[in-house]
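Below: one structure in structure tokens.
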Amino acid sequence: MAKAKVRGKVTFQEDICKGCGLCVSACPVNIISLDNEKINAKGYHPATIEDMDECIGCASCATMCPDVVITVERL
Amino acid sequence: MAVVFKKTKGLTDAQTHYCPGCTHGIVHRLVGEVLEELGVLDKAIGVAPVGCSVLAYKYFNCDMHEAAHGRAPAVATGIKRVRPDNFVFTYQGDGDLASIGTAEIVHAAHRGEKISTIFINNAIYGMTGGQMAPTTLVGQKATTAPNGRDEAHCGKPIKMSELLATIDGAKFVERVTVTTPANVRKAKKAIKECFKLQLEGKGFGIVEVLSTCPTNWGYTPQEALKWLEENMIPYYPLGNFRKPEEVE
């Protein structure tokens with residue numbers, strides 16, 4: 001798959017994520033998932049991205065996040 | 001590398017007590033962002049309600065005041081009249097504004113108080129455990145309506161935006177939701193327009209935000225957003241009901 005022209009970088013403040021998954025369903029390139037291997041300080045599975053190269057920096061995840069967990073940068 | 005999204009200065013570092021997926025958090029952020037963008041953080045005074053958002057005074061990074069249940073518009077009226085140069089807003093839920101506080105909001109609008117109100121409508125009493133609210137939809141189950149709201153017994157849900165739009169003193173009335181990124185952006189635009197109205201001294205403004213309550217509705221956060229879109233929006237249509245130019 002061709003890489004997107006605009007690239008983004010998403011940072012999750014994992015400790016305050018409540019694992020609601022609103023970012024997961026908001027992501028247009030479907031790269032966000034809840035990390036079932038990890039449990040954060042609040043006791044939730046935090047959101048994570050494995051393939052950051054696919055991120056287009058649209059900030060849809062951050063727009064939907066109710067807990068301001070997400071910071072988005074554009075490369 | 002350019003930062004395109006980071007936490008607004010309009011919110012404190014306190015972590016909210018809201019359930020996972022509760023849209024209160026999104027609306028808090030939008031209010032914080034608008035306060036920051038309008039440059040009024042240092043002169044804003046918010047009035048927190050009773051309900052799930054009772055602790056809102058811990059989350060907004062401006063001066064805050066707590067009001068008795070439903071009385072936020074009355075408290076905001078007092079603050080605004082004593083300190084007309086400050087920006088005064090209330091943040092209320094449907095159990096607060098559309099039930100016990102109906103008189104306060106109607107008369108604050110009627111008097112044309114120069115305050116702004118954010119009204120969270122999630123069609124249920126959240127904090128107290130999912131009881132039926134005046135805004136609960138016909139057929140919607142609640143702990144006090146286990147078979148769903150019965151229209152013959154309880155009537156239809158109250159439409160606050162439509163009601164307030166009939167009042168001359170209300171200069172801005174809009175209903176928005178936060179189910180998608182596009183809707184969140186529209187909601188922010190409406191909140192900004194509503195807040196600007198007060199800064200221009202034009203009168204009372206209210207933004208009703210259709211919100212979810214995954215915990216008490218008994219859905220996952222995603223299912224709750226879908227339920228809102230399929231059930232609440234047909235009964236509570238989105239859109240602007242009153243703008244200053246229409247009033248003049």
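Any value given below was found using the heavy atoms of this structure, including those in side chains, with hydrogens, waters and symmetry copies removed. Below, chain A is the first sequence line, B the second, and so on; all start at residue 1.
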Counting heavy-atom pairs under 4.5 angstrom with chain B, the leader among A/Lys42, A/Lys18, A/Lys9, A/Gln13 is A/Lys18
Within-4.5 Å side-chain heavy-atom neighbours: B/Leu11 and B/Arg29: yes
With a 4.5 angstrom heavy-atom cut-off, could you sort out which part of B/Val3 is near chain A: side chain, backbone, both or neither? both
Is it true that the side chains of A/Asn40 and A/Glu14 contain a donor and an acceptor less than 3.5 Å apart? no
With no hydrogens and no angle check, just 3.5 Å: does a side-chain donor-acceptor pair link A/Asp67 and B/Thr16? yes
Note: B/Arg175-B/Glu162 ion pair, threshold 4.0 Å (strictly below): yes
Please classify the contact of B/Leu30 with chain A as side chain, backbone, both or neither, using a heavy-atom distance under 4.5 Å. neither
Looking at A/Cys65, A/Ala62, A/Gly57, A/Ala59, which has the largest count of heavy-atom pairs under 4.5 Å with chain B? A/Ala62
Check whether B/Thr179 gets within reach of chain A through its side chain, its backbone, both or neither, counting any heavy atom under 4.5 Å. backbone
Test the B/Lys159-B/Tyr235 pair against the cation-pi criterion, namely NZ or CZ under 6.0 angstrom from the six-membered ring centroid and within 45° of the ring axis. yes
I need the residue from B/Val184, B/Thr8, B/Val27 with the largest number of non-hydrogen atom pairs under 4.5 Å to chain A. B/Val184
May I ask you to name which of B/Cys19, B/Ala2, B/Pro221 has the most heavy-atom pairs under 4.5 Å with chain A? B/Ala2
Looking at chain A, which one of B/His28, B/Lys7, B/Lys6 has the largest number of heavy-atom pairs inside 4.5 Å, strictly under? B/Lys7
Does any non-hydrogen side-chain atom of B/Glu37 lie less than 4.5 Å from one of B/Lys188? yes
